[in-house]
Amino acid sequence: MLKELRIRNLALVESLDWTLERGFTAITGETGAGKSVILGALHLVLGERADKAVIRSGADQCTVEALFEIADPDSVNAGLAEQGVEACEGNELLIKRVVSVAGANRQFVNCSATTLAVLKELGDGLVDLHGPHDHQSLFSQDQQLSVLDAYAENADHLIKCGATWKRILALEAERRDLSGVPQNGMQEEELLEHQVHEIDAAALTPRDENELPEKYQQAANGQKLASLAAGLRARLEDDEPSVLSQLMDAQKQFRELSRLDATAQSMADSFASVVVEVEEILSSVSRYSDELDLDPSHLAGLEERVNLIESLRRKYGATVEEMLAHRDRAAERLAKLRGRAEELARIDAALVDEQKTLGKYADELTRRRDKAAEPLSKT
């Protein structure tokens, strides 16, 4: 049921907000009173094509909004979902049409932008405009079937038929995909086999993302790192005087100071901890220097691994996870191609079962329609 109609800048109407009450509503008035403007607004909001001439003189655009109360929102929402349109809020459906002087016209269903074709299809199921040249849904076989199915309460049977038909279409698409394989099947098999083998041979692990780049950078800068580490060891321990030897001398003075003045003990203790930390740092630098691998073959091996990972990344995905996922998809497709005879047999058997199921549902639907048609024709 149409609940509200809002018109802005359409023809001679600057602004109209009309709320309809339940029951029969008649619009009367003299010629030129504006009855045709209301009908024109309904035509617009239900998807009829618009001319910019309908915009009120001096205005940039005109808008028409219609709020409908829907008896069966679930069925309407199902259709809206297929078109990517927002569902009804409760049992209310809001349609808006905007016609602009400049730019494209726009249309919205429940605040979701949509196409004129979707709006027209939706409007055909909402309102009948009867006149000398107007469309009447009773002439549409689809609408006639909808009325008959609603009278016969066939909603559940229609859902079953639709779901079965979708499964049949999916199986037929899968069969076409496999049936077309022999033309280039060997090439595809070889390509997939190569991809699976190449990824498997790489033995990818998370460390290829987390640790390999760091190890490669370390090996590539090995000589410089070794030189820096040796310089630090010399500065801390080997030079004369070294940092550590100077700290030891200072520590002796702190001990003598605290022996003569007990209040200096806290400073001596703090400095002692500094000496310990420097000794630990020296040990860490020594271990770091000893663990550096300066063997050219080590760097060559890491560089080869980095190049391999980069090559795989360009082909199969930016991360190790994506590469492995590509490998799994390729292996699954390869298995289907190698066993396509068995797969085709499985699909054919499934198609036979689904077609039998659809035939059963269709026969029952036809029987219910035949049974309801006669009493409906007498109402």
Side-chain angles (χ1 to χ4, degrees), residues 1-73 75-77 79-80 83-140 142-143 146-147:
M1 185 188 84
L2 178 63
K3 293 179 65 176
E4 295 180 16
L5 185 67
R6 291 185 286 274
I7 303 172
R8 299 289 185 272
N9 297 320
L10 177 65
L12 300 176
V13 175
E14 181 178 2
S15 178
L16 172 65
D17 293 331
W18 183 28
T19 301
L20 288 84
E21 302 295 334
R22 287 187 172 274
F24 179 76
T25 299
I27 307 171
T28 62
E30 298 178 357
T31 301
K35 302 185 296 296
S36 60
V37 176
I38 294 176
L39 286 176
L42 283 172
H43 275 289
L44 278 179
V45 85
L46 296 174
E48 295 296 328
R49 295 201 171 273
D51 192 298
K52 291 181 173 62
V54 301
I55 302 173
R56 185 171 176 268
S57 179
D60 295 330
Q61 64 180 27
C62 71
T63 63
V64 180
E65 294 182 48
L67 182 65
F68 291 90
E69 182 179 311
I70 306 300
D72 185 10
S75 61
V76 173
N77 286 337
L80 295 178
Q83 302 293 341
V85 176
E86 186 177 338
C88 297
E89 186 172 329
N91 63 342
E92 290 186 339
L93 173 71
L94 178 63
I95 301 177
K96 181 178 180 179
R97 185 83 183 276
V98 181
V99 180
S100 302
V101 172
N105 300 332
R106 293 168 295 159
Q107 42 279 328
F108 304 87
V109 176
N110 294 332
C111 299
S112 295
T114 188
T115 64
L116 189 61
V118 171
L119 194 65
K120 181 71 168 63
E121 182 180 350
L122 183 62
D124 287 344
L126 289 172
V127 176
D128 269 339
L129 295 172
H130 298 274
H133 304 291
D134 288 325
H135 167 74
Q136 299 183 37
S137 64
L138 291 179
F139 292 151
S140 166
D142 290 339
Q143 289 296 325
S146 295
V147 172

How many angstroms lie between atom CG of L10 and atom CG of L16, to the nearest 0.5 angstrom? 9.5 Å
Using side-chain contact (heavy atoms from CB on, under 4.5 Å), reason through L93 and V109 one step at a time and then give a plain yes or no. CA-CA 7 Å; L93 173 71; V109 176; 3.7 Å; yes
Minimum heavy-atom distance L44-L119, with the two atoms named: O-CD2, 4.3 Å
I would like to know whether F108 and I95 meet side-chain contact (heavy atoms from CB on, under 4.5 Å); could you show each step before the answer? CA-CA 6 Å; F108 304 87; I95 301 177; over 6 Å; no
Going by side chain to side chain donor-acceptor pair (under 3.5 Å), name the pairs with one or both residues in residues 106-119, residues two or more places apart or in two chains. R97-Q107
Search all heavy atoms of L80 against all heavy atoms of A87 and return the closest pair with its distance. CD1-CA, 4.4 Å
d(F68 CZ, L46 CG) to nearest 0.5 Å is 5.0 Å
Testing the basics here: between C111 and E86, what is the closest heavy-atom pair and its distance to 0.1 Å? CB-OE1, 4.4 Å
Spacing of CD1 belonging to I70 relative to CE belonging to M1, to within rounding of 0.5 Å: 10.5 Å
Show every side chain to side chain donor-acceptor pair (under 3.5 Å) that has at least one partner inside residues 10-22, sequence neighbours left out. R8-S15, R8-D17, R22-E69
Would you give the length of the straight line joining atom CD of E92 to atom CG of L94, rounded to the nearest 0.5 angstrom? 8.5 Å
Gap between atom SG of C62 and atom CD1 of I55 - 0.5 Å precision: 5.0 Å
Show the nearest heavy-atom pair for residues Q61 and S100, with the distance to one decimal. OE1-OG, 3.6 Å
NZ on K96 to OG1 on T63, rounded to 0.5 Å: 5.5 Å
Given 3.5 Å as the limit, does a donor-acceptor pair link the side chain of D60 with the main chain of V101, or not? no
Minimum heavy-atom separation for L42 and L5, please, with both atom names. CD2-CD1, 4.4 Å
